[in-house]
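One structure is given here, and the rest of the page talks about it.
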Number of protein chains: 2
Amino acid sequence: MNVPRHKLAPHCAECPIRHKAVCARCEADELKRLEEIKYYRSFEAGQTIIWSGDKMDFVGSVVSGVATLTQTMEDGRTQMVGLLLPSDFVGRPGRNGAPYDVVATTDIVMCCFRKTPFETMMNETPHIAHRLLEMTLDELDAAREWMLVLGRKTAREKIASLLCIIGRRHASLTPDGPSGSMVFDLPLTREAMADYLGLTLETVSRQMSALRKDGIIELKGKRHVIVPDLGRLMDVAGDDSDGGFYG
Amino acid sequence: MNVPRHKLAPHCAECPIRHKAVCARCEADELKRLEEIKYYRSFEAGQTIIWSGDKMDFVGSVVSGVATLTQTMEDGRTQMVGLLLPSDFVGRPGRNGAPYDVVATTDIVMCCFRKTPFETMMNETPHIAHRLLEMTLDELDAAREWMLVLGRKTAREKIASLLCIIGRRHASLTPDGPSGSMVFDLPLTREAMADYLGLTLETVSRQMSALRKDGIIELKGKRHVIVPDLGRLMDVAGDDSDGGFYG
DNA sequence: CGGGCAGTTGACGTGCGTCAATTAGCGTGG
DNA sequence: CCACGCTAATTGACGCACGTCAACTGCCCG
């Protein structure tokens, strides 16, 4: 399951996440330094990338694939607290322990840096530190938006909100014909969706069926989703009009 | 309602939040530059400091008092997404619109900077940028911990979790005898607690009464809380043992 | 054909929301 | 000092959305 290194963007300049990841603002010479300390790691769907509580000796970016960030209580209740898509950053410079489980939900490739050299480089490279701050603030906004979903929305609204978010991020990665419709594959099982939404998998399943019956979505197979009218989905989600505005 | 300026730490070196706020890492010369662009603003309990959607032309730190960060849906449902205590930072360098309402829940004093000069200074002062990154990462962790509370905990556990958090932060601001007990005043109404926890105010009230009957907490008046045995409260909160560990 | 896992659907129970009445706390004015 | 009004908080009765438990279906891979 190791992807041969030479296939994976030997030069950062050709990397698919070059302009969105933590390195987005770097100049050519800075990229060169990063190239010297980076290495790729691959994981299969289902593998745990990082265990909560373990020492974390690396940080990195998702290059391709999807991973989730989850917290678990002693009695087994779990809550997903983040969805990691390509260009998202994993790990926290300046802290050793990993606070959450990171699990690959599809096959995934990560661009990693050992923590200490990365921290050193961050201290000497404002472009990296600034980009990381910017990304962290975006994640904080996303987490807070999610708090509204978890705390105040109904099951139906929660499902619609999740579909909106996944669809929106999918669209931003594959810029195609916009218009009012949307098509994508769910990278999550019903159980993972439930963990994200603070629901049970049965409720997720029922609400997906309900949305299908109401014509808000269509399903081909279990995972392939078609949204004929994005506006209607957003209405169901209860999002105020500015949905997706990121200044 | 204006606090006379000369009463409020003319020199940053004497500021009560000097070592915890965004300026914590600054050297003497950097503090001096900050002093030149800072100004104080005071707000009464109940006043809205920033309206969601408004242009934000300043950023700043809470010096004393408590404020809340809330999101509201069109139909009026609201969710609190942050609790701002002394030393917490408000505003986002690099973005113009304010995403949330910021409301003072007690009388409050803030140390403010106009956004543009602050951004300029941040770009030239790694100490500020690094501290801001560190604080933002802490807030992100707190938001994610809160997602677990909102998504998976029962009403009883939610109340206990909130009391733990407020008590813990209170203790960190007023270092007194530790041991297993704790005493503090709630800075929130029952309704504000409900908005934080994704509950109704009636459920909050009922669960507070239940915790009192079970001897987990004692109440003097409506707001003064005594926790005789912190361990028992944390058990009720369902926190895993590492509660409060911040590496 | 069979075993296993993801997903769907149904029947039933319950935790919390909703609606409403009552009480407690506190400043204000006669 | 008490009456008054206002708001915060408590408590009760009832209903519903979602959880729980369980049976069943479809699909993949051997």
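- If you check residues 184-205 of chain A against DNA chain C, the residues with a heavy atom closer than 4.0 Å are A:Thr189, A:Arg190, A:Glu202, A:Ser205, listed by number.
- Look at B:Arg95 and A:Asp138 and you find a salt bridge, because one of the NZ, NE, NH1 or NH2 atoms lies within 4.0 Å of a carboxylate O, short of that distance.
- Summarising the geometry of A:Gly65 relative to A:Thr106, their closest heavy-atom pair is CA-OG1, 3.3 Å, with the distance given to 0.1 Å.
- Among all heavy-atom pairs drawn from B:Arg41 and B:Phe58, the shortest one is NH1-CE2, 3.2 Å.
- Listed by first and then second residue, the side-chain hydrogen bond (donor to acceptor under 3.5 Å, both in side chains) pairs involving residues 154-163 of chain B are A:Arg77-B:Glu157, B:Lys153-B:Ser161, B:Thr154-B:Glu157, B:Arg156-B:Asp214 (not counting sequence neighbours).
- A donor-acceptor pair is defined here as one N or O able to donate and one able to accept, closer than 3.5 Å; such a pair exists between the side chain of B:Asp107 and the backbone of B:Ala45.
- No side-chain donor-acceptor contact under 3.5 Å links B:Glu218 to the backbone of B:Val227.
- Within a 6.0 Å radius of CD in B:Glu191, other residues, nucleotides and ligands contribute 12 heavy atoms or fewer.
- For the pair B:Gln47 (side chain) and B:Val103 (backbone), a donor-acceptor distance under 3.5 Å is absent.
- Spacing between atom CZ of B:Arg206 and atom P of D:dG12 amounts to 9 Å, rounded to whole angstrom units.
- Checked options B:Ile166, B:Leu83, B:Leu84; the residue passing with B:Val66 is B:Leu83 (criterion: side-chain contact (heavy atoms from CB on, under 4.5 Å)).
- For the pair B:Gln71 (side chain) and A:Arg144 (backbone), a donor-acceptor distance under 3.5 Å is present.
- Of all the residues in residues 152-167 of chain B, not one reaches under 4.0 Å from DNA chain D with any non-hydrogen atom.
- Here the side chains of B:Leu140 and A:Arg92 are not in contact, with every heavy-atom distance at 4.5 Å or above.
- One can place CG of B:Leu211 at 16 Å from P of D:dA9, the figure rounded to the nearest angstrom.
- Between the side chain of A:Ser172 and the backbone N or O of A:Arg169, at least one donor-acceptor pair lies under 3.5 Å.
- Of the residues in residues 215-225 of chain A, those placing a heavy atom less than 4.0 Å from an atom of DNA chain C are A:Lys222, A:Arg223, in numerical order.
- When each of A:Thr78, A:Asp195, A:Thr72 is checked for a side chain to side chain donor-acceptor pair (under 3.5 Å) with B:Arg152, only A:Asp195 meets the rule.
- Annotation: side chain of A:Ile49 is in contact with side chain of A:Ile108 (closest heavy-atom distance under 4.5 Å).
- The outermost nucleotides of DNA chain C lying under 4.0 Å from heavy atoms of chain A, listed 5' to 3', are C:dG7 to C:dA11.
- Fit an axis to the five pairs at each end of the helix from C:dC1-D:dG30 to C:dG30-D:dC1 and the two axes sit 30° apart, to the nearest 10 degrees.
- D:dT11 atom P lies 12 Å from atom CD of B:Gln207, rounded to whole Å.
- The closest donor-acceptor contact from the side chain of B:Trp146 to the backbone of A:Ala143 lies at 3.5 Å or more, if one exists at all.
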